[in-house]
Amino acid sequence: MTLHRVNPPELSPPTGFSHAVTATGTRLVFLAGQTALDGDGKVLGDTLPAQFERALTNLLTALEAAGGTPAALARVTVYATDVADYRTHAPELGRIWRRLAGRDYPAMALIGTTRLWDDQALVELDGFAVLP
């Protein structure tokens, strides 16, 4: 499996994401949206950073169970109920990402939404990975 992150100099320098990712491999892993749910289906955390950390942990747990590592992530979409709050916490969220997933950033997007499946959820992450 090979992922190549593409960040053209004509575009604004990316911070915490890659503009494009090319991938070669033999298996695609599509990761369902993950929120801050624990094993009993209860949303953990009252703040965006706490929920982001749990949601990312859940996403990476699913990826690992499918045979992948964070470096195999080609695309992640973040859905947030409060984009301004997300921007305010971006430096902290970046530290959480680097601690859990490293610096091999996938192509990413942030989408604002009015609510998620669970009323208490503030953030959800989904994505796909390419495995050898």
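Numbers for residues simply follow the sequence, beginning at 1.
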- With Phe17 via ring-ring contact (aromatic ring centres under 6.0 Å, His included) - residues at least two apart: His19
Checking [X] side chain against [Y] main chain: does a donor-acceptor pair fall under 3.5 Å?
| X | Y | answer |
| --- | --- | --- |
| Asp82 | Ala84 | yes |
| Asp85 | Leu48 | no |
| Glu124 | Ala36 | no |

Suppose clustering is done on Ile, Leu, Val, Met, Phe, Trp and Tyr with side-chain heavy atoms closer than 4.5 Å. Which residues sit in the same group as [X]?
| X | result |
| --- | --- |
| Tyr79 | Ile111, Leu116 |
| Leu44 | none |
| Leu37 | Val43 |

- Query: Is atom CD of Glu92 surrounded by more than 12 heavy atoms (other residues, nucleotides or ligands) closer than 6.0 Å?
  - Reply: yes
- Task: Please identify each residue that fulfils salt bridge (Lys or Arg N to Asp or Glu O under 4.0 Å) with Arg103, with sequence neighbours left out.
- Result: none
- Message: Could you work out, with salt bridge (Lys or Arg N to Asp or Glu O under 4.0 Å) as the rule, every residue matching Arg115, not counting sequence neighbours?
- Response: Asp119
- Task: Look at the aromatic rings of Phe52 and Tyr86 and report parallel, tilted or perpendicular, splitting at 30° and 60°.
- Result: perpendicular
- Message: Could you check whether any side-chain heavy atom of Pro49 comes within less than 4.5 Å of a side-chain heavy atom of Ile96, counting everything from C-beta outward?
- Response: yes
- Under a 4.5 Å cut-off applied to non-hydrogen side-chain atoms, are Asp38 and Arg54 in contact? yes
